[in-house]
There are 2 protein chains.
Amino acid sequence: MNEVIKLLNGHRSIRKFSEQPVTDEQLHAIISAAQSASTSSNVQAYTIIRVSDHGMKEKLSVLADNYSYVLECPVFLVWCADLFRLRTAYELHENPDGGYISTTENFIVATVDTALAAQNAAVAAESLGMGIVYIGGIRTNISEVAKLLKLPKYVYPVFGMCIGYPDQTPGQRPRLPLQAILHENTYRPEQLPEPIAQYDRTMKEYITQRTGGKRTSTWSEDMKNKLKTPARIHMKSFLEEQGFLKN
Amino acid sequence: MNEVIKLLNGHRSIRKFSEQPVTDEQLHAIISAAQSASTSSNVQAYTIIRVSDHGMKEKLSVLADNYSYVLECPVFLVWCADLFRLRTAYELHENPDGGYISTTENFIVATVDTALAAQNAAVAAESLGMGIVYIGGIRTNISEVAKLLKLPKYVYPVFGMCIGYPDQTPGQRPRLPLQAILHENTYRPEQLPEPIAQYDRTMKEYITQRTGGKRTSTWSEDMKNKLKTPARIHMKSFLEEQGFLKN
């Protein structure tokens, strides 16, 4: 196993940061690595908003499920899927009808482009000794976040990301057995029950140990609870208003 | 700049592979790195289908825009967003009503989880001296692909990925200037025209040189053409039939 794979395998989300700052030069190196990720037909359909203003970070940390580390992290980035820039390019040559901008295909392209770039940024930051955590909570009050960041139509915040030097060394959560996620030639539902049962035992042990017995739930129980609870059901109407997913 | 960032910055998509095989051990190391990526609330909502059957690869290469490298690459993976596994977990504890599985939020979670894992796999493969290319073309005939791979409901192929040792050294396409993609505190549309114009000049020069003058289009022209042309407009109805994006 080489050093890069060791780095990737060693990932843990970091939610407590030291006061050591991240320099602009470092941040630009991280963003440059992000930009080097693959992008569908070179559309580069994402925009990164660095939120440096303290008041805005305070508001965002409340809007994003009250995570204090959104406020406390040295660098907070909001990763946005962005088709507005494409429309800007389009309008340099065409009437402002937008073409086929609102398709579900373009929504996927922009979302995937954003995630690929962000993951490169995560790896780059960790290679510099920093830690990161993705903030899906940015979607909990997505309309307010979009207003605060003045996002134009055809842009939506996919997730946030805290970056900084770690001030904690959290344990690493085990993952599903390989058998559950890697299939050969066709999808094999019959391949799932055994690794899920195995993972349930692993996670129960892990969670029990980590919480000193306060939580003892299995993975499948956690997933059941997740699917049973409505979460961010505003996403569809928000995205449609932003000009996405029309056809 | 450290070695990891150098590796990330050096990414080029590879579309021609040598005959040197990728071992199962290497593939498993790549997948393990993929699994180490962040995942929303530990849902791990993706499945990787390795297509090793020659006949199936032949069919997929035709379905995916006739890319010969889908057939020729040593390893071809289809990266699927997967909520079916979550539903399987759910049904261990609940009636099979599926809960809130079909929300747009869960669609985003699964799509992002898939992309983060895939990008880690890409980085891991490149760290081993291999090359990769993402195959968005897998969505061009997505219903046929889903049938061929026997994908159950709540699973969709986000993209394919060819992996192998490079038998080419393609040039590296320049990216948009930093100013176009990094904003501070709020989205600033006024920040776009200048870097787009600058990038248009850069890309025109790059494309003209690379194609010996056969193509001379700018980036904004390419984007205009892209938005003007309907592409994969079947995605919405396909995804709805698969159980996604209902609410």
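These values consider heavy atoms only, across backbone and side chains, with no hydrogens, waters or symmetry-generated copies. Values in this document were obtained by computation on a predicted structure and should not be read as measured data. Numbers restart at 1 for each chain; the letters A, B, ... are given by sequence-line order, proteins then strands.
Across all non-hydrogen atoms, the minimal contact from A:Lys226 to B:Ser41 is NZ-OG, 4.3 Å. Pairing each heavy atom of A:Thr186 with each of B:Leu148, the nearest pair is CG2-O, 3.7 Å. When all heavy atoms of A:Ser38 and B:His11 are compared, the pair lying nearest together is OG-NE2, 2.9 Å. A:Tyr199 approaches B:Gln44 most closely through the heavy-atom pair OH-NE2, 2.9 Å.
Most heavy-atom pairs under 4.5 Å with chain B, from the set A:Thr39, A:Asn225, A:Ile233: that is A:Thr39. Heavy-atom pairs under 4.5 Å with chain A peak, among B:Asn120, B:Leu27, B:Ile196, B:Leu92, at B:Asn120. When the candidates A:Gly99, A:Cys80, A:Ala115 are compared by the number of heavy-atom contacts under 4.5 Å with chain B, A:Ala115 comes out ahead. With respect to chain B, the highest number of heavy-atom pairs below 4.5 Å among A:Glu126, A:Glu221, A:Met1 belongs to A:Glu221. Interface summary for chain A: among B:Ser52, B:Ala29, B:Ser40, B:Ala33, the most heavy-atom pairs under 4.5 angstrom belong to B:Ser52. Of all the listed residues (B:Met235, B:Glu184, B:Arg173), the one sharing the greatest number of non-hydrogen pairs under 4.5 Å with chain A is B:Arg173. The residue among B:His234, B:Arg188, B:Lys228 with the most heavy atom pairs within less than 4.5 Å of chain A is B:Lys228. Across B:Val112, B:Thr88, B:Asp113, B:Thr103, the residue that shares the most heavy-atom pairs under 4.5 angstrom with chain A is B:Val112. Ranking A:Ile5, A:Leu116, A:Val51 against chain B, the residue ahead of the rest is A:Leu116, based on heavy-atom pairs under 4.5 Å. Listed options B:Val123, B:Val109, B:Leu239, B:Thr111 were ranked by heavy-atom pairs under 4.5 angstrom with chain A; first place goes to B:Val123.
Going from atom CD of B:Glu105 over to atom CZ of A:Arg232 covers 4.5 Å, rounded to the nearest 0.5 Å. Put simply, OH on B:Tyr187 and CG on A:Leu151 are 8.5 Å apart, with the number rounded to the nearest 0.5 Å. Between B:Leu227 atom CG and A:Leu83 atom CG the span is 7.5 Å, to the nearest 0.5 Å. Taking NE2 of B:His93 as the start and NZ of A:Lys224 as the end, the distance is 7.0 Å to the nearest 0.5 Å.
A:Leu192 touches chain B through its side chain: at least one heavy atom from C-beta onward sits under 4.5 Å away, while N, CA, C and O do not. For a residue to count as touching a neighbouring chain, one of its non-hydrogen atoms must lie under 4.5 Å from one of that chain's; by this rule A:Tyr156 touches chain B with the side chain only. Interface residue B:Asp82: only side-chain heavy atoms are found under 4.5 Å from chain A. Neither the backbone nor the side chain of A:Val133 comes within less than 4.5 Å of any heavy atom of chain B. Within the 4.5 angstrom heavy-atom criterion, no atom of A:Val78 approaches chain B. Interface residue A:His28: only side-chain heavy atoms are found under 4.5 Å from chain B. Interface remark: A:Leu245 contributes backbone and side-chain atoms alike to the contact with chain B (heavy atom separation under 4.5 Å). Within the 4.5 angstrom heavy-atom criterion, only side-chain atoms of A:Phe107, from C-beta onward, approach chain B. Contact of A:Glu25 with chain B is not made at all, since no heavy-atom distance falls under 4.5 Å.
Taking a 6.0 Å sphere around OH of A:Tyr100, one finds it holds 12 or fewer heavy atoms contributed by other residues, nucleotides or ligands. Heavy atoms from other residues, nucleotides or ligands lying under 6.0 Å from NZ of B:Lys57 number more than 12. By the 6.0 Å contact criterion, CD on A:Glu240 is enclosed, its count of non-hydrogen atoms from other residues, nucleotides or ligands being greater than 12. Residue-environment remark: CZ (A:Phe238) exceeds the threshold of 12 foreign heavy atoms within 6.0 Å. Counting heavy-atom neighbours within 6.0 Å of B:Lys150 NZ, excluding the residue itself, gives a total of 12 or less.
Partner A:Ser32 forms a side chain to side chain contact (heavy atoms under 4.5 Å, CB included) with one of B:Leu8, B:Leu178, B:Asn9 and no other, that one being B:Asn9.
Of the possible donor and acceptor atoms, one in the side chain of B:Arg175 sits under 3.5 Å from a partner among the backbone N and O of A:Ala37. Here the side chain of B:Gln35 pairs a donor or acceptor atom with the backbone of A:Leu176 at under 3.5 angstrom. Of the possible donor and acceptor atoms, one in the side chain of B:Arg85 sits under 3.5 Å from a partner among the backbone N and O of A:Ala180. Here the side chain of A:Trp219 pairs a donor or acceptor atom with the backbone of B:Asn42 at under 3.5 angstrom. Side-chain atoms of B:Asp53 do not come within 3.5 Å of backbone N or O of A:Asn185 as any donor-acceptor pair. With hydrogens and angles disregarded, a donor-acceptor distance shorter than 3.5 Å links the side chain of B:Asn2 to the backbone of A:Ser127.
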Check the pair A:His183 / B:Thr47 against side chain to side chain donor-acceptor pair (under 3.5 Å), numbers first and verdict last. CA-CA 7 Å; A:His183 296 218; B:Thr47 283; 4.6 Å; no

